[in-house]
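These numbers were taken from a predicted model, which means no experiment stands behind them.
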Amino acid sequence: MRDALAALWALVLAMPVPPAQAADTERGRALYEGRVAMSTVGASPMPAACAACHRPSGMGNFEGGLAVPPIAGPMLFEPLDRDTARFFPASARWRVRPAYDEASLGRLLRSGESPDGVTLQPAMPRYRIDDADLADLSAYLRTMSQGTPPGLDADTVRVATVTTPDADPRRRDAMLATLQHFIAQKNGQSRHEVKRSVQSSRTREMVMYRKFRIWQLEHWALEGEPSTWAAQLDARQSRQPVYALVAGMGGAQWAPIDAFCARHRLPCLLPLAEAGGGRAPGFYSLHFHAGIDADAAMAASRLKAQGLRRALLWGTPGPLADRVRGVFAEQGVALDDGDSEAPAIVSLLPPQAHAARLSEGGHGFRVVAWLPGTHALGRAELDAALPQTQRGWIVTPMRTGEPLDRQLLRTRLWLRGQGLESVPVDVAASTLQAATVLGEGLVHLDFGFTPEYLLELLEHGLENVIPWSPYPRLAIGPDQRIASKGSWVGEVREGRVAWQWQALP
């Protein structure tokens, strides 16, 4: 009997042990972001998803008077001590704690107790989390802020600007020229940072030199139908990854580019696109305004309020005109083409073409609704168009008239210094805004140059960036990626216009 038991035990010991199942970092990310729900113990005053408070970067946030600490791998799984106090001095003054591991992380999530025995405030939810979910979540947290994002190395940051086939060629070339001159000026750096940063190894440790990088710009010119753009963008990012998309120009479609940025987790900063950002362009895409749909809806509601159900559409036939026609149809206003005798005009023409068309006369219309889109209207543009308009509305997301001319003075001076006086000043201003926003974001990154952290810093600091653009005050926040939250609606009567700001509904 004893020999039989010994033989059986030897057989058991000889059996292969199944390998432990590897943690699933992608599922951990879904748990962190709330796409896979984690149930909480009792009611919690805060959202259950980790990212809601600790943010997608894991770098923390401030909610009212509550400091939400960073939980990305380099901070969470290392001790909070004098070394980490270089980055988080306030936390080190409050307390010093050991590093987390998976077991202590589980204890914190289930009971609220940290490794140094501190019980966190009730604002930190307590979770019913099993070991498998804990392993997945822990594995994902270890990846956060680790490594170098694509398109970035110690000396270089690669960026791209995207243009779509329906972009106006003259304005597209102006945007490209502005970007190229901005980057050449930035890389030149009158203080000679590149030379100074290599003079000694000691200066390499200084923050101002650790952050300095040469910018490299690529122009990604899309071709063909929008259904093919995703494959074109994926191929370019695969061949030569970039860290961010900056500016860019497009017409009736920009959603495929926003989707690309979300798929590859790239910041997509302030394109000059007629389509705009819609209502929710996604975490990674930052837009100047909601786009032509929002302006068209505002104009259509005013025509409808006047009892007008038909209007003649002025504009180049194509996707943008079709898009506007669809918005007006939803409001119960039909837009006709050709020589219709409709009592109103809806114009999508740029300023010079709009004024020229009005001056022809003989139209027989009563009302004009003008949607200039991304074309800014200074004093000269208004003076050319208003005398020809007896009644109607101008709907534009930008400032207009003399206030706009004053706002663009900085851009005109810059263009003169660069020898670019012939470049449309509104295009240059919006392009400079996009490039400056990226530069300001990079300057304020201390470490962990993740795209998520860059965008979160802009949530706090966008309104403090140099105001180049023709738009009113720009600002974003968590779950906000439309920087200008409405449009100006100008009511025109006998060549005079009264402006009113209308926020997005």
Side-chain angles (χ1 to χ4, degrees), residues 166-172 174 249 251-252 272 274-275 291-293 295-304 306 308-329 331 333-401 404-405 424-427 470 487-499:
D166 57 348
D168 180 286
R170 178 172 175 264
R171 292 169 70 81
R172 176 202 61 206
M249 184 166 288
L272 289 67
E274 298 292 352
I292 195 69
D293 289 4
D295 289 348
M298 291 180 187
S301 67
R302 278 160 174 75
L303 292 182
K304 188 176 178 181
Q306 296 296 314
L308 299 171
R309 295 293 188 272
R310 290 176 56 240
L312 177 63
L313 180 62
W314 284 356
T316 304
L320 185 65
D322 293 342
R323 184 166 186 156
V324 170
R325 185 180 286 107
V327 174
F328 272 78
Q331 297 280 339
V333 180
L335 296 185
D336 302 336
D337 295 317
D339 298 324
S340 166
E341 296 182 356
I345 300 292
V346 173
S347 174
L348 305 180
L349 295 173
Q352 188 174 3
H354 176 78
R357 187 79 175 268
L358 283 175
S359 66
E360 294 172 2
H363 302 293
F365 57 82
R366 297 201 321 265
V367 177
V368 176
W370 184 19
L371 285 70
T374 59
H375 295 266
L377 305 177
R379 185 73 255 174
E381 289 81 7
L382 288 175
D383 286 345
L386 288 179
Q388 310 295 331
T389 305
Q390 295 301 307
R391 187 181 176 201
W393 293 271
I394 303 172
V395 184
T396 171
M398 302 183 185
R399 286 204 170 100
T400 56
L404 174 66
D405 292 338
V425 66
D426 57 332
V427 174
S487 290
W488 294 97
V489 180
E491 184 174 2
V492 183
R493 287 185 180 273
E494 298 181 355
R496 300 174 68 89
V497 58
W499 293 100

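The nearest pair of heavy atoms linking A376 to D426 is N-OD2, 3.1 Å. In terms of heavy-atom proximity, V327 sits nearest to A296 at CG1-CB, 3.7 Å. Among all heavy-atom pairs drawn from Q306 and W393, the shortest one is CG-CH2, 3.5 Å. Scanning both residues, D295 and P397, for their nearest heavy atoms gives OD2-CD, 3.3 Å. The minimum heavy-atom distance between A252 and L320, with the atom names listed, is CB-N, 3.4 Å. Taking each heavy atom of L404 and R399 in turn, the nearest pair found is CD2-O, 3.5 Å.
At a threshold of 4.5 Å between non-hydrogen side-chain atoms, the residues V427 and M249 count as touching. Within the 4.5 Å cutoff, the side chain of P372 has no heavy atoms near those of the H354 side chain. At least one side-chain heavy atom of V324 sits less than 4.5 Å from a side-chain heavy atom of L335.
Test L348, I394, L349 against L371 for side chain to side chain contact (heavy atoms under 4.5 Å, CB included) and you get one pass: L348.
Atom OG1 of T400 and atom CH2 of W499 lie 4.0 Å apart (nearest 0.5 Å). With rounding to the nearest 0.5 angstrom, the CD atom of E491 is 7.5 Å from the CZ atom of R391. In this structure, CD in E494 is found 12.5 Å from CG in L386, a value given to the nearest 0.5 Å. Rounding to the nearest 0.5 Å places CZ of F328 at 5.5 Å from CG of L303.
Partners of R325 under the salt bridge (Lys or Arg N to Asp or Glu O under 4.0 Å) rule, at least two apart in sequence or in another chain, are D322, D337. Scanning for side chain to side chain donor-acceptor pair (under 3.5 Å) contacts around Q331 gives an empty result, with sequence neighbours left out. By the salt bridge (Lys or Arg N to Asp or Glu O under 4.0 Å) test, R309 pairs with no residue at all, sequence neighbours left out. Under the side chain to side chain contact (heavy atoms under 4.5 Å, CB included) criterion, P351 pairs with W370, H375, L377, E381, not counting sequence neighbours. For R323, the side chain to side chain donor-acceptor pair (under 3.5 Å) partners two or more places apart in sequence, or in a different chain, are D293. Every residue was checked against the side chain to side chain donor-acceptor pair (under 3.5 Å) condition with Q352, not counting sequence neighbours, and none meets it.
Residue R170 places its CZ atom among 12 or fewer non-hydrogen atoms of other residues, nucleotides or ligands, all under 6.0 Å distant.
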(message) Please evaluate residues S487 and M298 with respect to the criterion side chain to side chain contact (heavy atoms under 4.5 Å, CB included), reporting the C-alpha separation (whole Å), side-chain torsions for both, the decisive distance (0.1 Å), and the verdict.
(response) CA-CA 9 Å; S487 290; M298 291 180 187; 3.9 Å; yes
(request) Show your reasoning for whether side chain to side chain contact (heavy atoms under 4.5 Å, CB included) applies to V368 and Q388. (result) CA-CA 10 Å; V368 176; Q388 310 295 331; over 6 Å; no
(request) Any chance you could lay out the side chain to side chain contact (heavy atoms under 4.5 Å, CB included) test for L358 and W314, step after step, and finish with the verdict? (result) CA-CA 11 Å; L358 283 175; W314 284 356; 3.9 Å; yes
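Checking T374 against E274 by side-chain atom types alone, a donor-acceptor pair falls below 3.5 Å.
D336 places no side-chain N or O within donor-acceptor distance of the main-chain N or O of R310, the cut-off being under 3.5 Å.
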